[in-house]
Peer 1: 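Starting off with a structure, shown below.
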Number of protein chains: 2
Amino acid sequence: MFSKACEYGIRAAIYIGQQSASGRRVGLKDIAAEIDSPEAFTAKILQQLVRAQLLTSVKGPAGGFELTPEQLRTVTLRQLVVAIDGGAMLQGCALGLPQCSAQQPCPMHYQFLPIRDQLNELLRTHTIGELASKVQEGLGFLKQFG
Amino acid sequence: MFSKACEYGIRAAIYIGQQSASGRRVGLKDIAAEIDSPEAFTAKILQQLVRAQLLTSVKGPAGGFELTPEQLRTVTLRQLVVAIDGGAMLQGCALGLPQCSAQQPCPMHYQFLPIRDQLNELLRTHTIGELASKVQEGLGFLKQFG
DNA sequence: TACATACCGGACAATTTTATCCTTTAATTT
DNA sequence: AAATTAAAGGATAAAATTGTCCGGTATGTA
Ligand code: FES
Ligand code: FES
């Protein structure tokens, strides 16, 4: 579905969000441990997200990553996915035709469209803050135990 | 969404199905041209599908690929996808957790599940024959022009 | 039997994705 | 100012995916 980079990116953003909501700034090491991802690779992805201004970083001692209240409230899953994976999966043809369009649709087009639309809607309407709350309340997990 | 291999595989299967429905057996060259895919790579994918018995091949002059009436009627998109990409995308967690389960669900789990289920249903309920008809009737395309 | 056709199979190459390492830069503390 | 901390950035490596090439094998035809 999504690339590894995107999966790590989303999980990281949610964890950072959860901690930011409690006023804690978190470092790379902590993040990678909490979402069970390769540290250096995760760093690259977070850099991308900082550049895209979807999250904030602070250098130096007591530095790390955080989401501003504004970011927590407004940054959506969709923005993360687009920043990392690009829009291809959210707009592209299921069978890989160069253009998804009703002009020359692939034979799955009309069946596939509603599903893709729902996915878009799902990503568009969920903010990091929202998902972070879910984790905070113990209703969602960013890694698995046992 | 799907890998390139899977996209080519599905498009190829549909084209072969369309021709088989008209009693024509088709060769690799023809297939690659009609679905706009790299010939040698497509050959590899078709081999996989033949081994999985989702389509049939015949060597020698006037040989090529075809779908038996049985295959045309019973082989589903789902079988193609599983044969080429494996079941990961159809069962895996949206955020890449090693297991998708309600025991330790990721924070997207309950929103994501219905969409993934619909995708599964879509793939499970559409046969190659059905999609081939659509192409035959000019309602669907396997490559794009101009 | 000889020959031509077309898929099969293995090896190989290019590209993209995933992942690591190390130096530099910025910020804080002593 | 010096030392310490932590992210930024560049170079590189490993792995997976995508793609090519070529000799082998089966099949039909002359
Ligand atoms: S053309 Fe294939 S999904 Fe729209
Ligand atoms: S656990 Fe993530 S989708 Fe089910």
Peer 1: What is the distance, to the nearest angstrom, from the CZ atom on A:Phe41 to the C1' atom on D:dA14?
Peer 2: 12 Å
Peer 1: In terms of the nearest nucleotide of DNA chain C, which residue is placed more toward the 5' end: A:Val58 or A:Glu39?
Peer 2: A:Glu39
Peer 1: Is A:Gln47 side chain donor-acceptor paired with the D:dG9 base, going by distance under 3.5 Å alone?
Peer 2: yes
Peer 1: Over how many whole Å does the gap from A:Lys59 atom NZ to C:dA26 atom P extend?
Peer 2: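 It is 5 Å, rounded to the nearest whole Å.
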Peer 1: Could you tell me the separation between the CE atom of B:Met1 and the C1' atom of D:dT17, rounded to a whole number of Å?
Peer 2: 18 Å
Peer 1: Taking B:Arg11 for the side chain and B:Leu142 for the main chain, is one N or O donor matched with an acceptor at less than 3.5 Å?
Peer 2: yes
Peer 1: Would you kindly give the CD1-to-P distance between B:Ile84 and D:dG19, to the nearest whole Å?
Peer 2: 13 Å
Peer 1: Just compare D:dA8, C:dA19, C:dC8 and give me whichever is closest to any side-chain atom of B:Val50.
Peer 2: C:dC8
Peer 1: Measure CD1/A:Ile45 against P/C:dA19 and give the value in whole Å, please.
Peer 2: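 Taking atom P of C:dA19 as the reference, CD1 of A:Ile45 is at 8 Å.
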Peer 1: Looking only at the side chain of A:Ala40 (C-beta and beyond, no hydrogens), which of the listed nucleotides C:dC21, C:dA26, C:dC7 gets closest?
Peer 2: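 For the A:Ala40 side chain, the nearest candidate turns out to be C:dC21.
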Peer 1: Round to the nearest Å and state the distance from B:Leu46 atom CG to C:dC7 atom P.
Peer 2: 9 Å
Peer 1: Assign each of B:Gly60 and A:Gly27 to its nearest nucleotide of DNA chain D by heavy atoms, then name whichever residue's nucleotide is nearer the 5' end.
Peer 2: A:Gly27
Peer 1: Nearest whole angstrom, please: distance from the P of C:dA19 to the CD of A:Gln48.
Peer 2: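 Between P of C:dA19 and CD of A:Gln48: 14 Å.
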Peer 1: If you check the B:Pro61 side chain, which of C:dC8, C:dA19, C:dA4 turns out closest?
Peer 2: C:dA4
Peer 1: Rounded to the nearest 0.5 Å, what separates atom SG in A:Cys100 from atom CZ in A:Phe112?
Peer 2: 7.5 Å
Peer 1: What is the distance from NZ of A:Lys4 to C1' of D:dA15, rounded to the nearest Å?
Peer 2: 13 Å
Peer 1: Heavy atoms only, 4.0 Å cut-off, all strands: where does B:Lys44 land among base, sugar-phosphate and nothing?
Peer 2: base
Peer 1: Any donor-acceptor pair under 3.5 Å linking the side chain of B:Arg116 with the backbone of B:His109?
Peer 2: no
Peer 1: Have a look at A:Arg78 and tell me which of A:Asn120, A:Thr127, A:Thr125 forms a side-chain hydrogen bond (donor to acceptor under 3.5 Å, both in side chains) with it.
Peer 2: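 Passing option: A:Asn120.
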Peer 1: Any idea which of C:dG9, D:dA8, D:dG19 is nearest the B:Arg51 side chain?
Peer 2: C:dG9
Peer 1: Where the side chain of B:Ser57 is concerned, which of C:dC7, D:dG28, D:dC21 is the nearest nucleotide?
Peer 2: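 Side chain of B:Ser57 sits closest to C:dC7.
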Peer 1: Given D:dG19, C:dA4, C:dT18, which nucleotide is nearest the side-chain atoms of A:Ala5?
Peer 2: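 Closest of the options to the side chain of A:Ala5: C:dT18.
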Peer 1: Assign A:Leu28 to base, sugar-phosphate, or nothing according to its heavy-atom contacts below 4.0 angstrom with the strands shown.
Peer 2: sugar-phosphate
Peer 1: Just to confirm, is there a sub-4.0 Å distance from OP1 or OP2 of C:dA19 to any side-chain nitrogen or oxygen of A:Tyr8?
Peer 2: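 Result: yes.
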Peer 1: Taking A:Gln53's backbone N and O only, do any of them form a donor-acceptor pair with A:Gln71's side chain (distance below 3.5 Å, no angle check)?
Peer 2: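 Confirmed, A:Gln71 side chain pairs with A:Gln53 backbone.
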